[in-house]
Amino acid sequence: MEEILIAGFGGQGVMSMGQLIAYAGMKEGKYVSWLPSYGPEQRGGTANCAVVVSGEQVGSPLVSQPTTAIVLNNPSYYKFEPTVRPGGLLIVNASLISKTSERTDIKVMNLKATELANELGNPKIANMILLGAFLEITGILSDESILEALKKVLSPEKHSLLEINKRALELGRLSTKVGI
Amino acid sequence: MEEILIAGFGGQGVMSMGQLIAYAGMKEGKYVSWLPSYGPEQRGGTANCAVVVSGEQVGSPLVSQPTTAIVLNNPSYYKFEPTVRPGGLLIVNASLISKTSERTDIKVMNLKATELANELGNPKIANMILLGAFLEITGILSDESILEALKKVLSPEKHSLLEINKRALELGRLSTKVGI
Amino acid sequence: MEQRVVFNEETCKSCQLCVKACPTNVIYLADYLNEKGYRPAVVTDQESCISCGKCAQMCPDSVITVYRPEKIRKTV
Amino acid sequence: MEQRVVFNEETCKSCQLCVKACPTNVIYLADYLNEKGYRPAVVTDQESCISCGKCAQMCPDSVITVYRPEKIRKTV
Amino acid sequence: MGKVLMKGNEVIAEAAVHAGCKYFFGYPITPQSELVAYMARRLPEVGGLFLQAESEVAAINMVYGAAGTGVRVMTSSSSPGFSLKQEGISYLVGAELPALIVNVVRGGPGLGNIQPAQSDYFQVTKGGGHGDYHTPVLAPSTLQEIIELTEAAFDIADRYRTPVILLGDGMLGQMMEPVEFKNLTERQPGEKDWTTTGTRGDGKPRIITSLELNADALEKRNEKLQHKFALIKQNEVRYETYEIEDADYIVTAYGTAARIAMNAINNARADGLKIGMIRPITLWPFPEQPFIETRDKVKGYISVEMSAGQMVEDVRLAVNGKAPVTFFGRTGGVVPTQEEIYEYIMKVAGGVEV
Amino acid sequence: MGKVLMKGNEVIAEAAVHAGCKYFFGYPITPQSELVAYMARRLPEVGGLFLQAESEVAAINMVYGAAGTGVRVMTSSSSPGFSLKQEGISYLVGAELPALIVNVVRGGPGLGNIQPAQSDYFQVTKGGGHGDYHTPVLAPSTLQEIIELTEAAFDIADRYRTPVILLGDGMLGQMMEPVEFKNLTERQPGEKDWTTTGTRGDGKPRIITSLELNADALEKRNEKLQHKFALIKQNEVRYETYEIEDADYIVTAYGTAARIAMNAINNARADGLKIGMIRPITLWPFPEQPFIETRDKVKGYISVEMSAGQMVEDVRLAVNGKAPVTFFGRTGGVVPTQEEIYEYIMKVAGGVEV
Amino acid sequence: MKTVFEKTTGLTDTQTHYCPGCTHGIIHRMVGEVLEEMGILEDTVGVASVGCSVLSYEYFNCDMTQAAHGRAPAVATGIKRVLPDRFVFTYQGDGDLASIGIAEAVHAAARGENITVIFVNNAIYGMTGGQMAPTTLIGQKTATSPFGRNASLQGLPIRVSEMLSTLDGTAYIERVSTHDVPNILKAKKAIRKAFETQKQGFGFSMVEVLSSCPTNWGLDPHESLDWIKDNMVPAYPLGIYKNVHKEAEK
Amino acid sequence: MKTVFEKTTGLTDTQTHYCPGCTHGIIHRMVGEVLEEMGILEDTVGVASVGCSVLSYEYFNCDMTQAAHGRAPAVATGIKRVLPDRFVFTYQGDGDLASIGIAEAVHAAARGENITVIFVNNAIYGMTGGQMAPTTLIGQKTATSPFGRNASLQGLPIRVSEMLSTLDGTAYIERVSTHDVPNILKAKKAIRKAFETQKQGFGFSMVEVLSSCPTNWGLDPHESLDWIKDNMVPAYPLGIYKNVHKEAEK
Ligand SMILES: Cc1ncc(C[n+]2csc(CCOP(=O)(O)OP(=O)(O)O)c2C)c(N)n1
Ligand SMILES: Cc1ncc(C[n+]2csc(CCOP(=O)(O)OP(=O)(O)O)c2C)c(N)n1
Ligand code: SF4
Ligand code: SF4
Ligand code: SF4
Ligand code: SF4
C-alpha cells in the first residue's frame with residue numbers, strides 16, 4: 001500500500017498530481033482514494049492532498065505517516081518531512097526549498113523541479129517532473145496510465161498540453177538517475 | 001374537592017368567574033388551580049375555564065368530569081351537560097339556553113340570569129348572579145372571600161362596581177331559594 | 001314583493017358592517033340568535049332595498065346575496 | 001538618504017497593488033521569497049519616492065510605513 | 001409578599017426578574033405569549049429592557065450578544081419557535097455564554113397545535129442543534145417550583161457559562177395556581193472576566209467565538225466542554241422521589257405529567273398497590289441515581305409522558321436492563337387524565353405486562 | 001459507464017440525479033459546497049432546476065413547496081445550516097412530505113470548524129426539531145455506497161411520505177474514490193394522490209398541512225405517524241456485520257469511522273484477537289437485531305465515533321445491560337487513525353476494561 | 001330577478017373562524033372572486049401562512065399548502081419552480097411577512113418569482129393575541145408595546161410596499177384598503193391586476209391590503225374601519241408602487 | 001522624518017489570512033483608523049460575521065464577538081441594548097448581510113438600532129469558494145451560476161443601500177468603493193461619518209463598501225480593482241443614500 005502526501009502552495013498543481021495518481025491507480029485496477037485538505041486555511045498557507053493506492057479496499061483515506069511525501073514549498077517541507085514513514089521516500093522541490101533533510105531512515109530526493117520546468121518552457125509543470133521522479137523510484141504505476149489519466153483530467157481544449165506533460169514526466173524519471 | 005367548569009362566549013365573564021373562585025379559595029387556605037381554554041378556537045366558539053378547589057395539592061388542573069358545571073350559552077350546554085359527574089351540579093343561564101337537562105343523577109339549576117342582571121341594571125353581571133347561586137348551593141366559599149377577590153381582580157378605578165357585584169351575588173343566592 | 005337581499009342567517013356574525021354600508025338603512029339585527037349565538041342581520045323592508053350590493057361587498061362572511069328585479073317592459 | 005518608504009517584508013503578499021498605485025513607479029517585487037513564500041514589494045530608489053502615501057493607502061496588509069523628510073530651514 | 005394567583009407564564013417572567021434578569025428578547029407564540037407580554041410591561045419598571053425580535057432566530061442571537069456583555073438575559077418560545085433557535089443554542093454552548101431559554105411545549109410535529117405536550121424532550125435533552133453538546137434542562141411541575149427553578153437556572157448558567165433550558169408545557173404556562181415569591185435577595189451574576197464590553201479598563205481585547213479552524217484545538221475545546229458537562233452531571237442533578245422505598249412499581253414522569261400521575265399513584269396506594277414515583281427535575285443531566293438504587297428491587301418502571309415515548313429511553317439507559325420499563329403516553333396536546341394513568345398502572349402492576 | 005473517480009459530494013449529487021431528482025434548493029456551506037455547485041451545472045442538463053436559496057431556512061421550505069407537487073426534490077447542508085432546518089424538517093414530517101436532506105457533518109458546536117465529524121448523530125436520529133417524530137437516516141461509508149443509499153433514500157421517502165436524511169461527513173464529502181453508476185433505470189416516484197398541483201382533473205381541492213387544532217385529532221394523526229415509524233422500523237433497517245460469529249468483542253461504527261475501524265479490526269484479527277463489527281447503515285431505525293443476537297455471547301461492544309459519544313446510547317439501549325459497552329471517540333474534526341482505534345481495541349480486548 | 005351579488009365559488013362553504021367584522025373575510029372573498037373570474041381556480045395552488053389566516057386553506061376553493069411562519073414565499077417558490085404554468089399565491093399577515101418572513105419576501109421579490117403575494121396589513125399580530133407587528137403604528141398600544149409603540153425603542157413601522165418596490169425583480173405592487181366600498185372595489189382590481197401580472201409572467205406581484213383587527217384593536221368592527229382610514233392610510237399611503245404594465249406600455 | 005503613514009493601532013499585529021490583494025484588508029485598516037482617530041477603541045465592541053472576514057476578531061484591536069452567519073445585526077442589537085454608551089459595529093459580507101441575514105439587517109435598520117454596519121460587497125461568496133451572492137452581477141459566472149447569473153432564473157441583484165434607505169430608522173447610508181486611492185479616501189470619510197452618526201445617537205448607519213475577491217473572480221488583484229470600477233460601480237452607484245446629518249441641518 002502506497003500512502004502518498006503531496007503538499008505545496010495552491011496553484012502549484014499539488015491537487016491534480018494526486019488526482020493523476022489516483023486515476024492511474026484506478027485504471028490499473030487498484031483500490032485508490034484521494035483526499036484534499038480543504039477550507040480557508042489553505043488560502044494563505046499550504047494545500048495538500050493524500051492519495052492511497054492499495055491492493056485492498058481503502059479504509060482511511062487519511063495519510064498521517066506517508067510512505068512518500070512530495071513537498072513543493074518551505075512550509076510543507078517543515079510540516080511533512082518529519083512524518084514520512086521510516087523506509088519511505090521524500091521528494092523535495094529543491095528550487096523552492098533550501099533545507100535538506102538530515103533523516104537517514106528515509107530516502108530523500110532533492111530535485112530542482114522549477115528550474116527544470118523552466119527549461120522545458122513552462123514553470124507550471126514542475127509538478128509533473130516531480131511526479132515522474134516519484135513514478136520512477138516507486139514504480140507503482142506506468143506512464144501510460146498517468147497519461148490516460150491526464151487525458152481525463154485535462155479539458156479537451158487543453159489536450160495540446162499533453163505532449164509537454166509527457167516530456168516533463170520523462171525528465172522527472174531521468175533526473176532520478178542522473179541525480180540532477 | 002370541587003372541580004368546576006365554567007363555559008360560555010368570550011365576553012360573558014366566564015374566565016373572571018373562575019378566577020374569583022380560585023382567588024377566594026386561596027384566601028380561605030385551600031389548594032386551588034385555574035386553567036383556561038386557550039387559542040384561536042375560542043374566538044368563534046366557546047371559552048371555558050376549569051377551577052379546582054381542594055383540601056390537597058392539586059394534581060391535574062384539568063377538569064373532565066366536573067362536580068359543577070356553569071354554562072352560559074347553547075354550545076357550552078351541549079358540550080358540558082353530559083360531562084357533569086353523577087351527584088354533581090349543573091347551573092344554566094336559562095336566559096340564553098332553551099334546553100332543559102333531563103338528567104336525574106345531577107342537580108340542575110336553571111336561572112334566567114341575564115334577565116335578572118338587566119333588572120339590576122347591568123346585563124354584564126349575569127355571571128355574578130350565577131356565581132351567587134353556585135356559592136349558595138355548594139357553600140364552599142364565603143361571600144367575603146369572593147368580594148375580597150373581586151377587589152384584587154378589579155382595577156382600582158372599577159371599585160365603584162363592587163356594590164353592584166355584591167348585590168348580584170346576593171340575588172344569585174336568593175334565587176336558589178325562591179326558585180326564580 | 002320578491003326578496004332583493006337574502007341573508008344566510010346561520011353564517012352571520014352580527015358585525016353590522018352591512019348595516020353601516022347600506023345607503024337606505026334597511027338592514028338591522030334580528031332580536032333572535034342564530035346557532036352560533038349571533039343576532040343575524042336581516043331586512044324586512046325589501047322594497048326599500050335598491051339592490052346596490054354595498055352590504056354584500058362589505059360583508060366579511062359572504063352572508064348576503066343580492067338580486068335586482070328585471071326591468072319589466074310592458075308593451076301597451 | 002533616509003528611507004521614505006519602509007516595507008514590513010514578512011507580511012507582504014506580493015499583490016502589487018502598491019506597485020500599481022505608485023505614481024513614480026519606484027516599487028517592484030524583490031527576487032527573493034519571504035517566509036510565507038511571497039516575493040515582497042521593495043523600493044530601492046528611495047530618493048524618487050515623493051512620500052505621497054498612495055502605496056500605503058492601497059496596501060491591504062498594512063505593510064508600508066511612509067515618512068516625509070522634514071523641510072530643513074536653514075537660517076543663513 | 002404573601003401568596004398570589006398567577007399564570008405560569010407570568011410566574012416564569014416574574015421569577016426571572018427576581019433572579020436579576022433585566023433583558024428579554026423574544027417573539028410571540030402561543031402558549032407562551034403571556035410571558036412575552038409580561039416582560040414588555042415589567043422590565044421597564046426595573047430599568048431593564050424588553051425587545052420583541054423579528055423572529056426566534058433573531059431573538060436567540062440578540063441573547064447571544066447580550067449574554068456576551070455579562071448580564072442575565074433570557075428568551076422564550078414554544079416548540080416550532082424553539083426549533084428555529086437550534087443553531088443559536090449550539091453557538092451559545094460553543095461560545096460558552098450563559099442564558100435562560102424557555103420552551104413552553106405544544107403539540108407537534110410541524111405547526112401541530114397549541115395544546116400542552118412534552119414531545120420536545122429529545123430536542124432539549126439530546127441537543128437539538130449540531131455538535132457535541134448538552135444544556136441543563138429544568139422541568140418544573142408546579143408554579144411554585146417554577147420560581148425556584150428559574151432562579152436556579154440563572155445560577156447554573158452563570159456558574160458554568162452555559163445556556164440553560166426551562167421546559168414547561170401549555171398547561172403549566174396557562175394555568176393559575178397560588179405562588180409565593182419568598183423574600184429573595186436580588187441575585188447578581190458574579191464577576192465575569194470574559195465579557196466583551198469594550199476594553200476600557202480591563203486590558204487586552206477579548207473575543208467571544210465558537211470558531212476554531214484547527215481540529216486539534218477544537219477537540220481541546222470540546223474536551224473542556226465535556227469536562228464541564230461532567231461537572232454539571234456531578235453537581236446539578238435534581239429529582240424528587242415519592243414512596244419508592246417499598247415500591248413494587250415506580251412511575252416516572254416530569255412536569256405536568258408528574259403532577260397528574262401523582263394523583264393516580266395516590267389512588268393506587270389507597271387501593272393497596274405499592275407504587276412509587278421518581279420525578280426528574282433536571283432532564284439533562286438525567287437523574288440516574290434513583291434508578292440505579294431501585295432497579296434491583298422493583299418489579300418495573302412506568303414512564304408516563306405527554307409524548308410518544310422519549311424520556312423512556314433515558315429511563316431504559318438508567319435501568320440498564322435490570323427491570324422491565326413500560327411506557328404510557330398521550331400525544332398531540334392531549335393531557336392524560338389521572339384515571340387513565342391509574343388504569344395503566346393497574347394493568348401493569350396487576351400483572352399484565354405491556 | 002465504468003468506474004469514475006469523483007468527490008463524495010458530487011457522487012451524492014449525481015446519484016440523486018440518477019434517482020430521478022430534478023429539483024435542488026440549497027445554500028452553500030463547507031464541506032458540502034461541491035454538491036451545490038455540481039447541481040447548479042448538472043440539473044439544467046436533465047431539464048431540472050437548481051436554485052440557490054437565500055438561507056437554509058428558505059431552502060428547506062422551498063423543498064416543502066416542491067415536495068408538495070409530488071416531484072423528487074432535495075436539499076443539502078452541513079451542521080450549522082442543518083440546525084437551521086429543524087423547524088422545516090418537523091413540518092415535512094407533520095405534513096408527510098417526501099424529500100431528501102443531506103447533512104455533511106463538520107466539527108461543532110457553534111461555528112466550530114469545517115473538518116469531518118459525526119457529532120450530529122443525536123440531532124438526526126432523535127429528532128432535532130420539535131414534536132414526536134423520526135426520520136430515516138442513511139449513513140454510507142464508501143462513495144459507492146452513497147450511490148446505493150441515495151437511491152434508497154428517495155424510494156423510502158416516497159414509499160412512506162417522509163423526509164429522509166443522508167448523513168455524511170467532511171471526509172466522505174471531500175474524498176475521491178472510484179465509483180460506478182450501474183445501469184440504472186431512472187426511477188420515478190409512483191402515483192401520488194395527495195399532491196397540490198391545482199385541482200385540474202383531479203377533483204376536489206387538496207390540502208397539505210401539519211396543523212390540527214383539535215388535540216384528539218392531532219393525536220390520531222400522531223398515531224398514524226407512529227404507525228408509519230413502526231413500519232419503517234420493521235422494513236427498512238440496514239446494517240452490515242463483519243466477522244461477528246466468533247467475535248469476543250464487537251466494534252460498532254458507521255460511515256467514515258466504520259471504514260477506518262475496519263482496518264483496525266483486520267489488524268487486530270491478524271494479531272489473533274477475535275474482533276467483529278456491526279456497521280449500522282440506517283442510524284434510525286437503529287439496527288437492534290444484530291446486537292440482540294450477539295449480546296449474550298460477546299464480552300463487550302466498542303462504539304467508535306467521531307463524536308463525544310452519541311450512537312453509543314443506542315448501542316446501550318440495544319444491548320440492554322447484557323454486555324459492557326465502551327466508547328472511543330475523537331471530536332472537533334479530528335479523524336481517528338486506525339492505529340489509535342487498534343490500540344483502544346487492544347486495551348479493551350486485552351482485558352483492561354474502560 | 002337578476003343576481004347582483006352572490007357568494008363566489010372561489011370560496012368553499014366552510015364558515016370562517018374570523019372574528020365578527022374582521023376584514024380578512026372581505027379579502028378572502030376578493031381573492032376567491034378573482035380566481036373564479038379569471039377561470040383559474042383549477043390551476044391555482046395557494047399557500048396559507050401562519051396567522052389568523054392559517055385556516056384559509058379550508059376557505060379557498062383550490063389546492064392549498066400550509067407554510068411555516070414567514071416562509072410562504074419560499075414554499076410558493078418551491079411550487080412555482082416545479083409548476084411554472086400554475087398560479088401560485090401566498091396569503092400572509094404582517095407578522096408573517098414583515099417580521100419573521102421578511103427575508104423570504106425580499107428574496108422572492110428580488111428573484112422576481114412569478115407569484116402573487118396577498119399581504120394583509122392589520123398593524124398587529126391577530127392570531128397570538130395582539131402583539132406588536134413591524135407595521136404597528138407609533139403610539140399604538142399592543143400586548144408587547146403596552147405603553148404605545150415608541151420610535152426610539154421599537155423603531156419606525158416598515159412600509160413594505162415601498163421597500164420591496166426598490167427591488168428590480170418586482171413587477172406589480174399596490175397598496176389598497178378595505179375600509180369602505182369604493183376602496184374594496186379598488187382592492188379587488190389590484191388583486192386582479194396582480195394575478196394578471198403573474199399570468200403574463202412578469203414576475204413578483206404583491207397587493208398590500210390594509211385590514212382590520214377589531215378584537216385586538218379593542219374597537220367594534222365599524223370603528224375599526226374608521227381607524228384604518230384615519231390612522232393607517234396616512235401612515236401607509238394607498239397607491240401603485242410598482243407597475244410593470246405601465247413600464248411595458250412605455 | 002515625519003511619519004506620513006503608519007499602521008493603525010486599531011488593528012492587531014496578527015497577519016490576516018486574506019488572499020493577496022483582497023481589499024478586505026483595506027477596509028479593515030480604514031475601520032481601525034477611524035476607531036483610533038475617534039479615540040474609541042476602548043469603548044468599542046465589534047461583531048465579526050461568517051465569511052472571509054470571520055477571523056476579523058483577531059485583527060481588530062478591540063473587544064470582538066463572533067456572530068452566526070447573517071445574525072451580526074441581531075448580536076449587535078443585543079450588545080448595544082445592554083451597553084448603549086459603547087460603540088458597536090458589525091463587519092459583514094454580502095452573503096452574510098444580503099442573503100441569509102437580510103431579515104436581521106432590515107429589522108436592525110427599521111428599529112433604528114444605533115449601530116454601524118460595515119457591509120463589504122464583493123458580489124460573491126468568498127469564504128465558501130465563490131458561489132453566487134444576492135449582489136452577483138447579471139452574467140457573472142460563479143460556482144452556483146456556472147452559466148452566468150441569469151435574471152429570469154436567479155433574479156436581479158439586490159441593491160442593499162437603496163433598499164434599506166427606504167426605512168425610516170436608518171440615519172446614514174453611503175456606498176463607497178476601494179478601487180483606487182481617491183475612492184479609498186472617500187470610503188474612510190464615510191466610515192468616519194457612520195461612527196459619528198452612532199456617536200450622536202442618530203440611529204442605524206451603514207457603509208456599503210465595494211470590494212474585490214481576486215481569488216474567486218479569477219482575476220489578479222489589479223484587474224480586480226478594474227472590475228470593481230468597470231462592472232460593480234455602474235451596477236451599484238456610489239454615493240450617500242441616507243443622511244440624517246443633512247436632514248438635521250435643514
Ligand atoms: C415559528 C413560529 N413563531 C411564532 C409562531 C406564533 N405565531 C402564530 S401567528 C403569529 C403572528 C401572526 O400575525 P400576522 O402575521 O400579522 O397575522 P394576523 O394573525 O394578524 O392575521 C405568530 C407570532 C408560530 N406559529 N411559529
Ligand atoms: C448557517 C450557515 N450557513 C452557511 C455557512 C457557510 N458560509 C460561510 S461563509 C459564507 C458566505 C460568505 O460570503 P460573504 O458574506 O459574501 O463574505 P465573503 O466571504 O465574500 O467576504 C457561507 C455561505 C455557515 N457558516 N453557516
Ligand atoms: S356584514 Fe355580514 S356578518 Fe356582518 S352583520 Fe352583515 S351579514 Fe352579518
Ligand atoms: S500592496 Fe502591500 S501586500 Fe501588496 S505587494 Fe504592496 S506591500 Fe505587498
Ligand atoms: S384576531 Fe384580528 S385578524 Fe384575527 S380574526 Fe380576529 S379580528 Fe381578524
Ligand atoms: S476569497 Fe475573496 S474575499 Fe476571501 S480573502 Fe480571498 S480574495 Fe478576499
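Atoms considered below: every heavy atom in the structure, side chains included; atoms not considered: hydrogens, waters and symmetry mates. Protein chains get the first letters and strands the later ones, always in sequence-line order, with residue 1 at the start of each.
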Top contributor to chain F interface from [options] [non-hydrogen pairs under 4.5 Å]:
options                        : value
E:V93, E:V124, E:L92, E:L317   : E:L317
E:G127, E:G129, E:G107, E:G333 : E:G129
E:Y121, E:F122, E:F229, E:F82  : E:F122
E:K322, E:Q310, E:R221         : E:Q310
E:V319, E:L111, E:V335, E:D120 : E:L111
E:G81, E:P116, E:S307, E:G128  : E:G128

Write down the atom of E:A318, the atom of E:F291, and the distance for their closest heavy-atom approach.
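Closest heavy-atom pair between E:A318 and E:F291: CB-CB, 3.8 Å.
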Would you call F:K220 and F:E212 a salt bridge, using N to O less than 4.0 angstrom?
no
When you compare the side chains of E:N222 and E:D132, does any donor N or O come within less than 3.5 Å of an acceptor on the partner?
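Short answer, no.
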Ignoring hydrogens and angles, state whether a donor on the side chain of F:Y133 or F:T162 is under 3.5 Å from an acceptor on the partner side chain.
no
Which members of residues 83-90 of chain E, sorted by number, sit under 4.5 angstrom from chain F on a heavy-atom basis?
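Against chain F, the residues of residues 83-90 of chain E that fall inside the cut-off (heavy atoms, under 4.5 Å) are E:S83, E:L84, E:Q86, E:E87, E:S90.
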In Å and rounded to the nearest 0.5 Å, what is the [atom1] to [atom2] distance from [X] to [Y]?
X      : Y      : atom1 : atom2 : value
E:S33  : E:Y27  : OG    : OH    : 10.0 Å
F:R295 : F:I292 : CZ    : CD1   : 5.0 Å
E:Q226 : E:L231 : CD    : CG    : 12.0 Å
E:E219 : F:Q115 : CD    : CD    : 12.5 Å
F:N103 : F:T75  : CG    : OG1   : 10.5 Å
F:D216 : E:T331 : CG    : OG1   : 10.0 Å

Using a 4.5 angstrom heavy-atom cutoff, name the option from F:G309, F:A217, F:G110, F:S78 with the most pairs to chain E.
F:G110
Heavy-atom pairs under 4.5 Å with chain E are the metric here; pick the option from F:G94, F:G321, F:A95 that has the most.
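Among F:G94, F:G321, F:A95, the one with the most close pairs to chain E is F:G321.
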Quick one: are F:K126 and F:D314 in side-chain contact, heavy atoms under 4.5 Å?
yes
Contact part of [X] toward chain E, heavy-atom cut-off under 4.5 Å: side chain, backbone, both or neither?
X      : result
F:Q118 : neither
F:R106 : neither
F:L225 : side chain

Using 30° and 60° as the class limits, which term best fits the ring planes of F:H130 and F:Y91: parallel, tilted or perpendicular?
perpendicular
Under 4.5 Å from a heavy atom of chain F, the part of [X] involved:
X      : value
E:A308 : both
E:E56  : neither
E:N214 : backbone

Counting only heavy atoms from other residues, nucleotides and ligands, does the tally under 6.0 Å from NZ of E:K228 exceed 12?
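Count over threshold, so yes.
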